Chemist: 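Before I ask anything, here is the structure I am working with.
The structure presented is a predicted model; accordingly, all values stated were derived computationally and were not measured. Along the sequence shown, residues are numbered consecutively beginning with 1.
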Amino acid sequence: MRNETVILISKEKLPLTIKGPLTVETPVYLYYHREKEFLLTSKDLKELFNHPLFPKRLKILPFGVTFFLQYGFVPTPYTIFQDLYVLSVGDSVRIESSNGKIKLHFSHEFPYFNALRDNSLEPDIELLLRLLADSVLKRWDGKAPLVLFQSLGKDSNTIALALAKAGLREEVICVTLTTGDRKDESEVAKRIAQKLGFKHYKLPVPLKLDKSHLEELERYFEKIILPCGDGACLAYPLYTFSFDFSGKILLDGSGNDIYFGHIPRKVEYFRQKHYSFLSFLKPFSQSLKTGNPLQKISLFRCEYPFYHLLGLTLRDCREIYPEAEDLRPFLNKWEIERKNWDYLDLKADLWGTHAEYALVTQKVRNFSQASNLKLLFPWCYEPLANYVGRLPERYLFDRKSFKNKLLLRKLLKEALELDSDALGKYSYGFDAYRLLKSASSYVRDCVLSCPLWNRKGIEKLWKTIENHSEKNKLFQRLYIRLYLLSSWFNFNRYVEI
């Protein structure tokens, strides 16, 4: 049976240009078959991998593994696999044929510069809410229940408000992580959902991982295609122990920072402004052990959007993975391409097109893929992105106070009495490190037995991580990251070992 969602591109169809999307919901995937000289492309990664011409297993890309170890994600257009590419927001590829060989020429053009906003526009709240509701209504069959991952954040609650105004009260179920601690958002979220007329369920996660939880996580890693470096991805398969997602459509509020204006934290903005000249120290800091004092300050300006994701130095990468590559030429290219950019544009471009895709949306995308569920990102609706992307920045963010999404703050305070300023910035309450520590022997065995690593090197590094992780967030991050990548490699059905 012919697969209509996958397109075969032969040399006879070249030259050809393929552009990525305007939002992170529907990246374009490409597989280049080097031996037979053809390409397969699709917006559905699962369908691409199930295509009869697609190989059963793929080889690992050393550049992808290195970037994952150092930052927790793989930048587009690359993936963790050799010859598998992805086009995110602003990406494009020119495909040509030369001397019987296919040549891929990738480029990138950021579509949401703040200087291009139309200062004559006035925001229309009703239009924004209508577009947000349309992004669901136009892709919904009218039958399957809609499950909205709701937090106390501006994005998910604006979606809830839009769907309530569209009259979908009976069809929407709001779900919120419950942790029982000071970060627990579930009770306030429940009151908001009920005020709008929605059902609400709290999603608990276990305090300790038992055999059934570990088996579920192994099934999850077997089914997902691409790894995700966000520890919060582990919460989603664990949610299935308390909530039945089958037959439902998932709604997630991620993906709008790129066109709303991605506002950094004050400390990040200060560091990129005053410390980036110290990047000349990077060759030295990367030759030292992970956690050395220079590692945090010897960064290119283009690295500061990922400052909080820093992982292993190149020295330690090569201790456990001898094929690790020096990322400085790649980062330097990013640096040159964005020289003299406004940092807010740089942040939105690099975080929004790379980390937003590979971390924030990927964790939900992987869950939907593993559970065979349809997933929608309502904010990733191109008419909505085009509208908000043109609004003047004075309605969207404040450079002096570092406040973002001013329009949504005002809307939610007036409509739902949800005061984002008073609440402050909530971080996701799921503690992946503490949960994994409850099964520390299992996690250790999983990491140390992974064929991807040099056994002697990983044993030495893991001992260091265990010794420092209780009091050091960097080593907690590495504890989680190495488990995520090792488990994915150990159990994944798509990896060629």
Chemist: For a 4.5 angstrom cut-off between non-hydrogen side-chain atoms, does P145 reach E171?
Modeler: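 Answer no - side chains too far apart.
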Chemist: Any donor-acceptor pair under 3.5 Å linking the side chain of K190 with the backbone of E185?
Modeler: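 A pair under 3.5 Å: no.
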Chemist: Quick check: does any side chain N or O of E356 sit under 3.5 Å from a backbone N or O of G255, one acting as donor and the other as acceptor?
Modeler: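 Looks like yes, one N/O pair under 3.5 Å.
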Chemist: Within a strict 4.5 Å, meaning less than it, do heavy atoms of the Y32 and L40 side chains meet?
Modeler: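 Side chain of Y32 against side chain of L40, heavy atoms only: no contact under 4.5 Å found.
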Chemist: Please test Q362 against Q369 for side chain to side chain donor-acceptor pair (under 3.5 Å), starting from the C-alpha separation and ending with a verdict.
Modeler: CA-CA 10 Å; Q362 191 65 40; Q369 189 181 92; 5.9 Å; no
Chemist: Between the side chains of S420 and R409, is a donor N or O closer than 3.5 angstrom to an acceptor N or O?
Modeler: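 Side chains of S420 and R409: no pair found under 3.5 Å.
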Chemist: Does a salt bridge link K403 with D421, judged by any charged N lying under 4.0 Å from a carboxylate O?
Modeler: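 Salt bridge present between K403 and D421.
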Chemist: Under the criterion ring-ring contact (aromatic ring centres under 6.0 Å, His included), I'd like the reasoning laid out for F260 against F397: C-alpha separation, chi angles, the key distance, then a yes or no.
Modeler: CA-CA 8 Å; F260 256 96; F397 57 86; 9.6 Å; no
Chemist: Apply the test ring-ring contact (aromatic ring centres under 6.0 Å, His included) to residues F106 and Y85: give CA-CA distance (whole Å), side-chain angles for both, the deciding distance (0.1 Å), then the verdict.
Modeler: CA-CA 10 Å; F106 292 98; Y85 302 94; 5.0 Å; yes
Chemist: Taking C302's backbone N and O only, do any of them form a donor-acceptor pair with E335's side chain (distance below 3.5 Å, no angle check)?
Modeler: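 Yes.
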Chemist: Step by step, would you call Y494 with F81 a ring-ring contact (aromatic ring centres under 6.0 Å, His included)?
Modeler: CA-CA 10 Å; Y494 304 104; F81 291 116; 7.6 Å; no
Chemist: Can a salt bridge be assigned to the pair E25 and K43 using a cut-off of 4.0 Å between side-chain N and carboxylate O?
Modeler: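 Salt bridge between E25 and K43, a charged N being under 4.0 Å from a carboxylate O: no.
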Chemist: Examine the side chains of T176 and S186 and answer whether a donor and an acceptor come within less than 3.5 Å of each other.
Modeler: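 Looking only at side-chain atoms, S186 and T176 do not form any donor-acceptor pair under 3.5 Å.
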Chemist: Pick out which of T290, L294, L69 makes a side-chain contact (heavy atoms from CB on, under 4.5 Å) with T313.
Modeler: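 Considering T290, L294, L69, a side-chain contact (heavy atoms from CB on, under 4.5 Å) with T313 is found only for T290.
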Chemist: For Y78 and V86, indicate whether the former's side chain and the latter's backbone hold a donor-acceptor pair under 3.5 Å.
Modeler: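 A pair under 3.5 Å: no.
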Chemist: Ignoring hydrogens and geometry, is there a side-chain-to-backbone donor-acceptor pair from N256 to W379 under 3.5 Å?
Modeler: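 Judged by distance alone, no pair lies under 3.5 Å.
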Chemist: Indicate yes or no for a side-chain donor-acceptor contact from R338 to the backbone of R301 under 3.5 Å, with no hydrogens or angles considered.
Modeler: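 A pair under 3.5 Å: no.
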Chemist: Are K202 and E187 within salt-bridge range, i.e. N to O under 4.0 Å?
Modeler: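 Yes, charged N to carboxylate O under 4.0 Å.
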Chemist: Is the closest side-chain donor-acceptor distance between T76 and D91 under 3.5 Å?
Modeler: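 Result is yes, a qualifying pair exists.
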Chemist: For K165, is the NZ atom crowded, meaning more than 12 foreign heavy atoms sit under 6.0 Å from it?
Modeler: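 Open: at most 12 neighbouring heavy atoms sit under 6.0 Å from NZ of K165.
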Chemist: Between E303 and Y71, is there a side-chain donor-acceptor contact under 3.5 Å, judged purely by atom types and distance?
Modeler: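 Indeed, the side chains of Y71 and E303 share at least one donor-acceptor pair under 3.5 Å.
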Chemist: Yes or no on salt bridge (Lys or Arg N to Asp or Glu O under 4.0 Å) for K410 and E414, after CA distance, side-chain angles and deciding distance?
Modeler: CA-CA 6 Å; K410 183 173 184 292; E414 292 175 353; 2.9 Å; yes
Chemist: Strictly by modelled atom types, are Y307 and R271 linked by a side-chain donor-acceptor pair under 3.5 Å?
Modeler: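 Yes, R271 and Y307 have a side-chain donor paired with an acceptor closer than 3.5 Å.
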Chemist: Does the side chain of S92 pick up a donor-acceptor pair with the side chain of H108 at under 3.5 Å?
Modeler: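 On atom types as modelled, these side chains do not qualify, holding no pair under 3.5 Å.
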Chemist: Closer than 3.5 angstrom, by distance alone: can the side chain of N492 be matched with the main-chain N or O of I224 as a donor-acceptor pair?
Modeler: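 Confirmed, N492 side chain pairs with I224 backbone.
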Chemist: Does this structure show an ion pair linking R399 with D342, if we count only N-O contacts that are shorter than 4.0 Å?
Modeler: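 Looking at R399 and D342, the cut-off is met.
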Chemist: Regarding N157 and Q150, do their side chains bring together a donor and an acceptor under 3.5 Å, going by distance alone?
Modeler: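 Yes, because at least one side-chain N or O of N157 sits under 3.5 Å from a partner of the opposite role on Q150.
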Chemist: If only atom types and distance count, is the side chain of R394 paired as donor or acceptor with the main-chain N or O of N119 below 3.5 Å?
Modeler: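 Side chain of R394 to backbone of N119, a donor-acceptor pair under 3.5 Å: yes, one is there.
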Chemist: Are side-chain N/O atoms of R191 and Q194 paired as donor and acceptor at under 3.5 Å?
Modeler: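 No pair is found: no donor N or O on one side chain lies under 3.5 Å from an acceptor on the other.
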Chemist: Salt-bridged, E126 to R130, with N to O below 4.0 Å?
Modeler: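 Salt bridge: no.
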Chemist: Taking R169 for the side chain and L196 for the main chain, is one N or O donor matched with an acceptor at less than 3.5 Å?
Modeler: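 Yes.
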Chemist: What I want to find out is whether R328 reaches D326 closely enough, with some N-O distance under 4.0 Å, to be called a salt bridge.
Modeler: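 So R328 pairs with D326 through a salt bridge.
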Chemist: Decide, yes or no, whether a salt bridge links K347 with E268 under the criterion of side-chain N to carboxylate O below 4.0 Å.
Modeler: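 A salt bridge is present here (some side-chain N lies under 4.0 Å from a carboxylate O).
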Chemist: If we ignore angles and hydrogens, is there a donor and acceptor under 3.5 Å between the side chains of D44 and S42?
Modeler: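 No pair is found: no donor N or O on one side chain lies under 3.5 Å from an acceptor on the other.
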